[in-house]
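In what follows, chains carry the letters A, B, and so on, assigned in the order in which the sequence lines appear, proteins first and then strands, with residues in each chain numbered from 1.
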Amino acid sequence: MLPQLESRIVSAVSQHILIRYGVEIAVALEQPRQASFGEFALPVAFQLARQLKKAPRAIADELVAELPSIDGVKTLEVAGGGYINLRLDRAALALAALSPAPVAAAAGDGKVIVEHTNINPNKAAHIGHLRNAILGDTFVRMLRAGGQRVEVQNYIDNTGVQVADVVVGFHYLDKATPAQVHALIAADKFDYTCWDLYAKISQYYKDNPDSLQWRRDTLHAIESGEGELAELGRLVADAIVECHMNTMWRLGIQYDVLPRESEILHLKFWASAFEQLKERKAIYLETEGKNSGCWVMPGSAFDENREDEDSKVIVRSNGTVTYVGKDIAYQMWKFGLLGKDFYYQPFRTYSDGHPVFVSTASPDNAAPVSFGGGRKVYNVIDSRQSYLQDVVVAGLKALNYHEQAANSIHFSYEMVAMSPRACVEMGIELSAEDQARPYVEVSGRKGLGVKADDLIDKLIDSALAEVASRNEDKSGDEQFAVASALAIGALRYFMLKFTRNTVIAFDFQEALSFTGETGPYVQYGAVRAGKILQKAGDLPDFAAVLTPAVCARLLEEEGLWQYVLAVSRTDQALTSALTAGEPAHMARYAFQLAQQFANFYHDYPVIQETDADKRAFLLWLTAQFRAQLERTLGILGITVPAFM
RNA sequence: GGGCGCGUAGCUCAGUUGGAUAGAGCAUCAGCCUUCUAAGCUGAGGGUCGCAGGUUCGAUCCCUGCCGCGCCUACCA
């Protein structure tokens, strides 16, 4: 209800200023620093002061005297050097909240595609991947809460170097046959097996540079799709994708479609893109210098500060296409600009019934579904790849797809690194140089990092100990369910509380914490609100009991009014978090709302309240807190446990 | 060298298109459980918003320079 009121205020004020002063300005509406100043503040007099050459205070006085009354606003007053503070009609706002909110109209203008996770299918997921997936999944939930139609893609690079390296490890180092790898897959934690093998082969390459020929041979075999190496490649990639999907589903993260690189190759997506790029002269065949024989994109196309000679290779001199080239083709497909589509097969159905599809190269038995063709595309990729993302967008621009280029958004975030202390705790030896750093980069090649499943397990263990000691009467299954919910709440909140361009220096103590600004703190609020409602028994008919007169009387109490205001701000928080593209803002709102509830819980014994009207009002407020906490947590992908 | 980002309390971080007394969590110290769950609440101490200029009625925020740190700058993905 607050957003409607806000836009009413803004339009009324800007209209008045236009008529009165003949000036058109963007009216800003702020939240005053102190609650006692009112609910909203207009700094508009400061904005006008320069144009009108008049003291801000005088303008504010005029405005307050002359502004027409606005529905829902009770008083206007001048404060400070020229602020106009607004006080709302309290009962009106509360009553508006009492009646069911109008359903937000769905934005019917096309599909938004969010691509996230994108883990190389060659080893277990680690904390860096968790940040990507949690950020992406939360942003998807935010978009959907805002009424957008969203398609979630998880790109699988199943033919790349990283998969090849693990295949090399199995084939050349371990001399493993496909049958033996099959057995390893059937055994437990294949992704952990590959984690170690990947570190082993990376070290082996270092010690024996000649062995890099194995990688080249394997890559070639995987690309051709023939022979034992290719079979091993398929086995490894498919099995690891299963592992990743399981890990992510533990955190409530789902996908709609898994487009795979192997199909981009087999269905010749690149050939179509290549034709378009050549035709539009977006790339050219270099004839001299170090890139002679390559198809390159001139540097000036993706970075105006670059020289043209500082170009990016798209097709190598041996005729193979680089990753960026394939990415341009893939990005074109996302917008429906390629004139081609994958075929699809069901990959799995989540326990809640949601299906996810995987791309295939063959029309045989293809599922009657289609993906891609989005209006707007968000690529959740860490900031280290911004250079490559720029090249992809430049490709679209060079092809004259300016609208799509503008709608290609690199949803970037900084990496998750390890604090030196976390490294020590894991028994990882650090150089003196690394010890002095604020953080150490996670490295799959070195096997340095915290595996996602290990962290989740650790969190569940630690939550379970706490849950069990507090709830000895509950069954083991019930305790485990709650501990899982808390572990996920802690993990997701931890990954979301930092803004995107902050490097997270992972620290066990912080990540394992359940107190202070954490997911469980917010969950605790929701659980306690639920407990009050449960203990209260049958709830009164709020709409009947809470008349305008009753609301007006009770809301004279400043404290109660602030709580009503607090629970009314969810939409506002969602809108601003979406505008800023910062899931961290949504997380922060969740925490603030929970803090408000903790204060309310402390200040107002709801059940014991003897004034019947007030008791009903407090119960209603409690229900509002519970609903808004649950909804906000839902947007963060965090559930409310049955008890704590 | 160039590009991007960061520098705010002892630590980890927020800070809403420039606005009122710069906030939170952790840590420290002092209090609050016979009351809807203390995973909580209250209070205290703790700040030259990296440094120096500039723009402005007003700068943590915008501009310039400097210092420090990180990432990127592959015919790897």
Novice: Assign Phe591(A) to base, sugar-phosphate, or nothing according to its heavy-atom contacts below 4.0 angstrom with the strands shown.
Specialist: sugar-phosphate
Novice: Give none if G58(B) has no partner; otherwise give the nucleotide forming a Watson-Crick or G-U wobble pair with it, both distances under 3.5 Å.
Specialist: none
Novice: Using a heavy-atom cut-off of 4.0 Å across all strands, would you classify Gln162(A) as base, sugar-phosphate, or nothing?
Specialist: nothing
Novice: Heavy atoms only, 4.0 Å cut-off, all strands: where does Thr499(A) land among base, sugar-phosphate and nothing?
Specialist: sugar-phosphate
Novice: Looking across every strand, which nucleic acid part, if any, lies under 4.0 Å from Tyr604(A) by heavy atom: base, sugar-phosphate, or nothing?
Specialist: base
Novice: Separation of Gln608(A) atom CD from U37(B) atom P, in whole Å?
Specialist: 10 Å
Novice: Take the protein atom CG of Leu464(A) and the nucleotide atom C1' of A39(B), then report the distance between them rounded to whole Å.
Specialist: 15 Å
Novice: Given atom CD1 of Ile222(A) and atom P of A77(B), what is their separation to the nearest angstrom?
Specialist: 13 Å
Novice: Under 4.0 Å from OP1 or OP2 of A77(B): is there any side-chain N or O of Arg316(A) that close?
Specialist: yes
Novice: Using a cut-off of strictly less than 4.0 Å, decide whether Lys531(A) has a side-chain nitrogen or oxygen near OP1 or OP2 of U37(B).
Specialist: yes
Novice: Parallel, tilted or perpendicular: which fits the ring planes of Tyr521(A) and Phe591(A), with parallel below 30° and perpendicular above 60°?
Specialist: tilted
Novice: Would you say that more than 12 heavy atoms from the other residues, nucleotides or ligands in this model lie under 6.0 Å from the CD of Gln509(A), or not?
Specialist: no
Novice: Suppose we define a pair by two distances each less than 3.5 Å, Watson-Crick or G-U wobble; what does G45(B) pair with here?
Specialist: none
Novice: How would you label the contact of Tyr323(A) with the nucleic acid (heavy atoms, under 4.0 Å): base, sugar-phosphate, or nothing?
Specialist: base
Novice: Go through the steps for Glu414(A) and Arg131(A) under the test salt bridge (Lys or Arg N to Asp or Glu O under 4.0 Å), then give the verdict.
Specialist: CA-CA 9 Å; Glu414(A) 275 290 348; Arg131(A) 184 175 197 182; over 6 Å; no
Novice: Do any side-chain nitrogens or oxygens of Asn120(A) fall under 4.0 Å of OP1 or OP2 in A77(B)?
Specialist: no
Novice: Taking only side-chain nitrogens and oxygens of Tyr439(A), does any of them come within less than 4.0 Å of OP1 or OP2 of C71(B)?
Specialist: no
Novice: What is the distance, to the nearest angstrom, from the CG atom on Asp390(A) to the C1' atom on G3(B)?
Specialist: 9 Å
Novice: Checking all strands, does Phe514(A) fall into the base, sugar-phosphate, or nothing category for heavy-atom contacts under 4.0 angstrom?
Specialist: base
Novice: Between Ile532(A) (CD1) and U35(B) (P), how many Å, whole number?
Specialist: 15 Å
Novice: With a non-hydrogen cut-off below 4.0 angstrom, is Asn599(A) in contact with a base, only sugar-phosphate, or nothing?
Specialist: sugar-phosphate
Novice: What distance, rounded to whole Å, do you find between the two C1' atoms, one in C13(B) and one in G47(B)?
Specialist: 15 Å
Novice: For Asn501(A) and C4(B), give me the distance from atom CG to atom P, rounded to whole Å.
Specialist: 14 Å
Novice: Take Thr515(A) and Ala505(A), find for each the nucleotide of RNA chain B with the closest heavy atom, and name the residue whose nucleotide sits nearer the 5' end.
Specialist: Ala505(A)
Novice: If you look at every strand shown and take non-hydrogen atoms under 4.0 Å, does Thr502(A) touch a base, only sugar-phosphate, or nothing?
Specialist: sugar-phosphate
Novice: Should we say atom CG of Asp473(A) is surrounded by more than 12 heavy atoms from elsewhere, each under 6.0 Å from it?
Specialist: yes
Novice: In whole Å, what separates the P atom of G18(B) from that of G1(B)?
Specialist: 32 Å
Novice: Could you check whether the side chain of Ser386(A) and the base of C4(B) have a donor-acceptor pair of N or O atoms closer than 3.5 Å, going by distance alone?
Specialist: no
Novice: Could you measure between the two P atoms, the one in U55(B) and the one in U21(B), and give it in whole Å?
Specialist: 24 Å
Novice: Does a side-chain N or O from Arg588(A) land closer than 4.0 Å to OP1 or OP2 of C13(B), or not?
Specialist: no
Novice: Which nucleotide, U12(B), C72(B), U37(B), lies nearest any side-chain atom of Arg528(A)?
Specialist: U37(B)
Novice: With rounding to the closest Å, how many angstrom separate the P atoms on C61(B) and U56(B)?
Specialist: 16 Å
Novice: Check whether the side chain of Arg470(A) and the base of A39(B) form a donor-acceptor pair under 3.5 Å.
Specialist: yes
Novice: Please classify the nucleic acid contact of Val527(A) as base, sugar-phosphate, or nothing, using heavy-atom distances under 4.0 Å.
Specialist: base
Novice: Looking across every strand, which nucleic acid part, if any, lies under 4.0 Å from Thr575(A) by heavy atom: base, sugar-phosphate, or nothing?
Specialist: nothing
Novice: Tell me the partner of C26(B), counting only Watson-Crick (N1-N3 plus N6-O4 or O6-N4) or G-U wobble (N1-O2 and O6-N3) with both under 3.5 Å; none if nothing fits.
Specialist: G10(B)
Novice: Report yes if at least one side-chain N or O of Gln595(A) is closer than 4.0 Å to OP1 or OP2 of G25(B); otherwise report no.
Specialist: yes
Novice: Applying the Watson-Crick and G-U wobble criteria at under 3.5 Å, what pairs with A74(B)? Answer none if nothing qualifies.
Specialist: none
Novice: Report the nucleotide, chosen from C76(B), G15(B), A77(B), that has the shortest atom-to-atom distance to any side-chain atom of Gln385(A).
Specialist: A77(B)
Novice: So which nucleotide does C66(B) pair with, by the Watson-Crick or G-U wobble rule with both distances under 3.5 Å?
Specialist: G50(B)
Novice: Just say parallel, tilted or perpendicular for the rings of Tyr204(A) and Trp214(A), cut-offs at 30° and 60°.
Specialist: parallel
Novice: Roughly how many Å apart are A9(B) and A44(B), using the C1' atom of each and rounding to a whole number?
Specialist: 14 Å
Novice: Glu441(A) has an atom CD; how far is it from atom C1' of C69(B), in whole Å?
Specialist: 14 Å
Novice: Counting only side-chain nitrogens and oxygens, does His602(A) get under 4.0 Å of the OP1 or OP2 atom of C32(B)?
Specialist: no
Novice: Using 30° and 60° as the class limits, which term best fits the ring planes of Phe494(A) and Phe498(A): parallel, tilted or perpendicular?
Specialist: perpendicular
Novice: For C33(B), does the O4'-C1'-N9-C4 or O4'-C1'-N1-C2 angle fall within 90° of 0, making it syn, or is it anti?
Specialist: syn
Novice: Give one of base, sugar-phosphate or nothing for Val606(A), where a contact means two heavy atoms less than 4.0 Å apart.
Specialist: base
Novice: Assuming nearest nucleotide by heavy-atom distance, tell me which of Ser576(A) and Ser513(A) is located more 5' along RNA chain B.
Specialist: Ser576(A)
Novice: Could a donor-acceptor pair under 3.5 angstrom be found where the side chain of Asn122(A) meets the base of A77(B)?
Specialist: no
Novice: Please state the P separation for the pair C75(B) and C67(B) - nearest whole angstrom.
Specialist: 31 Å
Novice: Heavy atoms only, 4.0 Å cut-off, all strands: where does Asn85(A) land among base, sugar-phosphate and nothing?
Specialist: base
Novice: What does Ala417(A) touch in the nucleic acid at a heavy-atom separation under 4.0 angstrom: a base, only the sugar-phosphate, or nothing?
Specialist: nothing
Novice: On a whole-Å scale, what distance lies between the C1' atoms belonging to U12(B) and G7(B)?
Specialist: 14 Å
Novice: Of the nucleotides U37(B), C41(B), A77(B), which has the atom closest to the Leu388(A) side chain?
Specialist: A77(B)
Novice: Salt bridge or not for Glu441(A) and Lys446(A), using N-O below 4.0 Å?
Specialist: no
Novice: Would you measure the distance from the C1' atom in G10(B) across to the matching atom in A20(B) and give it in whole Å?
Specialist: 29 Å
Novice: Considering only side-chain heavy atoms of Tyr601(A), which listed nucleotide, U37(B), U12(B), C76(B), is closest?
Specialist: U37(B)
Novice: Whole angstroms only, please: what is the OH-C1' distance between Tyr563(A) and C41(B)?
Specialist: 11 Å
Novice: Would you mind checking if Asp165(A) and Arg445(A) are paired as a salt bridge, meaning a charged N to carboxylate O distance below 4.0 Å?
Specialist: yes
Novice: Parallel under 30°, tilted from 30 to 60°, perpendicular over 60°: which one fits the rings of Phe508(A) and Phe506(A)?
Specialist: perpendicular
Novice: When we call it a touch if two heavy atoms are under 4.0 Å apart, what does Val467(A) touch: a base, just sugar-phosphate, or nothing?
Specialist: base
Novice: Between the side chain of Gln523(A) and the main-chain N/O of Ala485(A), is any donor-acceptor distance below 3.5 Å?
Specialist: yes
